[in-house]
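Remarks on the structure that follows.
Side-chain atoms are counted along with the backbone in the values below, which use heavy atoms only and exclude waters and symmetry mates. Every value quoted in this text rests on a predicted model; they were computed, and no experiment measured them. Below, chains carry the letters A, B, ... as their sequence lines are ordered, and counting in each starts from 1.
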Amino acid sequence: MISLSSSSPSPLSLLKSCKTIRTLEQIHAQIIRKGSEQDHVLISEFISICNSLYPNKITYAGTVFDRVLQPNIYLWNTLIKGYSTYSSFATCFGFFRRMKQSCVCADKYTFPSIIKACSSVVALKEGRVVHGLIVKCGLEDDVFVGSSLVDFYGKCGQVFNARKVFDEMFVRNEVTWTSMIVGYSSTGDYLEAKKLFDEMPERNVASWNAMINGFVKSGDLVGAKLLFDEMPEKNMVSFGTMIDGYAKSGNMASAHALFDQSPEKDIVSWSAMISGYAQNGQPKEAVKMFNDMLSRNVKPDEYVMVSLMSACSQTGDWELAKWVDSYLSESSIDLGQHHVTAALVDMHAKCGNLDRAAAFFDKMPTRDLVSYCSMIQGLSVHGHAVQAIALFRKMLAEGLTPDDAAFTIILSACSHVDLVDEGCHFFEIMVNEYSIAPSTDHYACKVSLLGRAGRLREAYDILKEMPMEPHAGAWGGLLWACRIHGDVALGKEVADRLIKIEPQNPANYVLLSDIYAASNQWSDVHHVRNLMSEKGIRKLCGRSWI
DNA sequence: TTAGGGTTAG
C-alpha cells in the first residue's frame, strides 16, 4: 500500500511514476483520505495520468473530476482533452458546455481539444459554432488553435475552408502544413498535397508519413517507396503505411520484405500482413503470421481477428474457428461491432458450424446482403439447401437487393437439391427484376440444374447459345449430368469440347470412360484409357470440377 | 504558480 505520509514521496511524484490502474486507484484512495480532492494540481495530474495509461477508462477520471467543487481552467482543459479522443463526443461536448455555464472562459488550450473532438466524429455543425467562439475570443491566430481548425475542416471534407484558415494564419508549423496535406489527400487532390509538401519549410516524420500515405492512396506505390527511402527518419507509422500499401495492392513479397526490415512491429503492421495474406488468397500464410504474432506476445485486436476469421473461412478450419470464437468471447473486443459479427457469421457458416453462425446472425441488429449471403451459402454447401432457399426468400421479403454473387449462391443451392423450377425462377427474376446480366457462373449453375434433372438437351442449348464462351466448369456440369443419366452420345460430344479446353484434366477422361463403362461400351473405355496414357495423364483419386 | 493544446498507418 502506498503511503502519503510526510516521509513518503509527494503525491505528485507518485502519480508521475504510476504505471497501473491498481496503483492509480491506491493513489486516489490516499487523495481522498488526505482530503486533497480539491487540490487542482493533483487532480489535474491524476486525470492526465489516467488518460495516458488507460484512455478507455477516462470516465474514472470524470468521476474524480466531478468531486471538484470549483474546477479551474487547467482542470477543465485536461478533462476535455481526455474525453476528446476516446469517449463519446456528446460527453466531451457536454463538459465543454458545463465549463462555459460555470463561467470559466475557454482559452487557447481548450479549443484545440474540443475542435479535435469535433473532427473525430465529423461534427461539422458544432465545430463551426466553436470556430465562431474562437473568433469571438480572438484566438484564431494561435498556431495550435489554427492547426486544429485546418485539421477539422479537412477531416470534414471542407478542404476549401481548411485552406482559407491555413492562408489566414500568421504563424504555421509542421502540424499546420501536415493537416493541410492530409486534407487535400483525403479529398483525392494528391497533386495539391504534393505541392504543399514540396513547399513546406520544415517537415517532421508525421509530414513524411502523411505524404507517403497520399501516394499509397493514389495507387502510386513506386512514388510512395521513393519518399519512404528518402525520408530522414522512419517510425512504425512509416513502415505500417508502406506495408499496408503493398499488402493491399497484392504485392505480398514487398510487404513481407519491408515487414522483416522494420525494427519494431506493432499491431497495425502485423494486421496489414495478416489481412494482406487473407485477402490475397493465402489463408495459410495469414494463419502462420497470426501464430507468429502471438508467439511474440502481441495482443490481437479486432482488425487482426477479422482478418484471421477471413483466412479461417477460406480454409474451412473448424478447430481454428472454435478457437477464434472462444478467444473473442473472452477478450475485450466489442462483439457488437457489425464487421466483427459479420466475420463470425461468415467464418462459422463456411466452417460448417451452422448453429453458431445462426446464433450470431440472429443477434445482428441489422442484416446486410453480405451476412445473408454468408448464412445462405453456409446452409447450401453444408446440406441444408432448402433452408438456404427459404432464407434467400426472407431476404428478398426484407427488401434487400441481391447482387450477382447472391444469385450464384442461390442458383447453386437450387442445383444441390434439384429444385429446377425454383432455380429457373431465380434465374428469371435475376435477369428481369434485378437487371443483372447472367455471368458464366450463373449459366453454369443453370446448366447443372437442368442437367441433373435430366433436361440435358436444354442444358446443352444454353451452353451453345450463351453470349460468352462457357468455362470448363460449365461443360463439366453437363458431362456429369450425362454420366448420371447415361447419355452416351451427348457425353462424348461434351467431353470432346471439354478436352479441347482442358486437355490435361484427368477428370474429363475418367468421366467419359465411366459413361462408356455404364453402357458396357468397353472398347470405348479402352480407347479413352489409351488416350490418357498417350498424353501422360494419370487418374487422380477423387475427382471434381468444383 | 507546481498543471493544460493541434499532425501521420490497418
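- Among residue pairs with one or both ends in residues 283-298 of chain A, none qualify as side-chain hydrogen bond (donor to acceptor under 3.5 Å, both in side chains); sequence neighbours excluded.
- Scanning for side chain to side chain donor-acceptor pair (under 3.5 Å) contacts around A:Ser374 gives A:Asp346, with sequence neighbours left out.
- Partners of A:His40 under the side chain to side chain donor-acceptor pair (under 3.5 Å) rule, at least two apart in sequence or in another chain, are A:Asn72.
- Counting only residues at least two apart or on different chains, the side-chain hydrogen bond (donor to acceptor under 3.5 Å, both in side chains) pairs with a member in residues 94-108 of chain A are A:Asp66-A:Arg98, A:Asn77-A:Asp107, A:Asp107-A:Thr110.
- Within the structure, salt bridge (charged side-chain N to carboxylate O under 4.0 Å, His left out) pairs that include any residue of residues 351-365 of chain A comprise A:Asp325-A:Arg356 (at least two apart or interchain).
- Sorted by first then second residue, the side-chain hydrogen bond (donor to acceptor under 3.5 Å, both in side chains) pairs that include residues 132-145 of chain A, not counting sequence neighbours, number zero.
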Query raised in the report: When you check every protein heavy atom under 4.0 Å of nucleotides 3-10 of chain B, what one-letter string (B, S, -) results, 5' to 3'?
Result: BBBBBBBB
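- The stretch residues 259-274 of chain A participates, sequence neighbours left out, in these side-chain hydrogen bond (donor to acceptor under 3.5 Å, both in side chains) pairs: A:Asp266-A:Ser269.
- Residues of residues 132-141 of chain A having a heavy atom closer than 4.0 Å to DNA chain B: none are found.
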